[in-house]
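Inspection log for the structure reproduced underneath, given as structure tokens.
We number each residue from 1, following the sequence as shown. Remember, it's a predicted structure, so these values are computed and weren't measured experimentally.
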Amino acid sequence: MNIGVAGQFELHVYDETGELREHRPMQPNLITDTGLIVLMLGRSLIQCILGGGDSEPQKADTKLTTPLANITYERPGAVSPGALYDKDGQYYSYNSALFRARNTGTATATVKELGLQWVGGGLLATHALITRGGILAPITLQPGWYLDV
């Protein structure tokens, strides 16, 4: 039997009035070594964090390359469990949660990387660059704008 795990995220950028400004479809999100431990222990991912670094994520990463200042993070609501389903003899399941990050500074924030942290110590459980078609493609958050992951 083979068991695998993968992470993906989708991005929605909103302005200060709540108008959708940009949407990015599902992208890969590397599950770090810490993330695998978190999953095995059944722990919760508590916070999304944003950064400005462009180093390729590695499985041993425990923090973002360059965390961004002046970003306020909201804790996710309930995790939405997905049903187990069969696709060509392979069984899949998924969970999803909404994480929100808001630019509370007075300057534009350029978001190039993101990660999810877990409750036990703020170590990265996932780490990803924000791309479009496999090429680094940062997202710009104007003051007051927010990003839903």
Side-chain angles (χ1 to χ4, degrees), residues 3-39 43-85 87-88 90-119 122-149:
I3 296 175
V5 64
Q8 292 191 330
F9 64 91
E10 181 176 27
L11 302 172
H12 294 86
V13 178
Y14 297 92
D15 66 17
E16 66 280 350
T17 68
E19 181 179 336
L20 180 65
R21 293 299 186 134
E22 186 174 358
H23 169 255
R24 300 277 180 97
M26 288 291 188
Q27 299 184 40
N29 191 6
L30 175 72
I31 298 174
T32 65
D33 290 342
T34 299
L36 290 174
I37 293 167
V38 168
L39 289 170
R43 307 284 188 208
S44 296
L45 298 175
I46 192 168
Q47 180 173 305
C48 177
I49 54 172
L50 306 180
D54 56 10
S55 297
E56 190 65 32
Q58 302 296 316
K59 65 182 183 175
D61 290 347
T62 58
K63 61 182 180 173
L64 292 181
T65 307
T66 311
L68 293 174
N70 300 313
I71 303 292
T72 300
Y73 301 101
E74 295 178 21
R75 293 185 180 216
V79 173
S80 169
L84 182 67
Y85 63 96
K87 180 178 177 187
D88 301 324
Q90 299 290 318
Y91 292 92
Y92 297 86
S93 183
Y94 61 91
N95 291 323
S96 61
L98 173 67
F99 296 90
R100 179 167 286 168
R102 185 180 304 271
N103 181 354
T104 52
T106 58
T108 299
T110 302
V111 183
K112 296 180 182 178
E113 62 179 335
L114 63 81
L116 298 178
Q117 292 179 325
W118 73 291
V119 176
L123 300 176
L124 282 183
T126 72
H127 189 193
L129 294 178
I130 297 175
T131 62
R132 184 179 288 136
I135 298 170
L136 185 64
I139 284 183
T140 301
L141 288 180
Q142 300 294 334
W145 286 25
Y146 59 95
L147 174 67
D148 281 352
V149 179

Measuring from atom [atom1] of [X] to atom [atom2] of [Y], what distance do you get when rounded to the nearest 0.5 angstrom?
{"X": "I139", "Y": "R132", "atom1": "CD1", "atom2": "CZ", "result": "8.0 Å"}
{"X": "T34", "Y": "L39", "atom1": "OG1", "atom2": "CG", "result": "11.0 Å"}
{"X": "Q8", "Y": "T126", "atom1": "CD", "atom2": "OG1", "result": "12.0 Å"}
{"X": "T32", "Y": "I37", "atom1": "OG1", "atom2": "CD1", "result": "8.5 Å"}
{"X": "N103", "Y": "T110", "atom1": "CG", "atom2": "OG1", "result": "9.5 Å"}
{"X": "L114", "Y": "H127", "atom1": "CG", "atom2": "NE2", "result": "8.0 Å"}

Quick one: are [X] and [Y] in side-chain contact, heavy atoms under 4.5 Å?
{"X": "W145", "Y": "R102", "value": "no"}
{"X": "L124", "Y": "I49", "value": "yes"}
{"X": "L116", "Y": "C48", "value": "yes"}

Ignoring hydrogens, what is the shortest heavy-atom contact between [X] and [Y]? Give both atom names and the distance.
{"X": "L68", "Y": "A109", "answer": "CD1-CB, 4.4 Å"}
{"X": "F9", "Y": "N29", "answer": "CD2-CB, 3.6 Å"}
{"X": "A101", "Y": "I71", "answer": "CB-CG2, 3.8 Å"}
{"X": "Q58", "Y": "E56", "answer": "NE2-O, 3.2 Å"}
{"X": "A128", "Y": "P28", "answer": "CB-O, 3.6 Å"}
{"X": "L129", "Y": "Q27", "answer": "O-OE1, 3.8 Å"}

message = Over 60° means perpendicular and under 30° means parallel, so tell me whether H23 and H12 are parallel, tilted or perpendicular.
response =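 Rings of H23 and H12: tilted, 30 to 60°.
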
request  = Give the intermediate values and the outcome of side chain to side chain contact (heavy atoms under 4.5 Å, CB included) for residues V149 and L11.
outcome  = CA-CA 5 Å; V149 179; L11 302 172; 3.7 Å; yes

Using a 3.5 Å distance criterion without hydrogens, assess whether the side chain of [X] forms a donor-acceptor pair with backbone atoms of [Y].
{"X": "Q117", "Y": "G115", "answer": "no"}
{"X": "E113", "Y": "G51", "answer": "no"}
{"X": "Y73", "Y": "L50", "answer": "yes"}

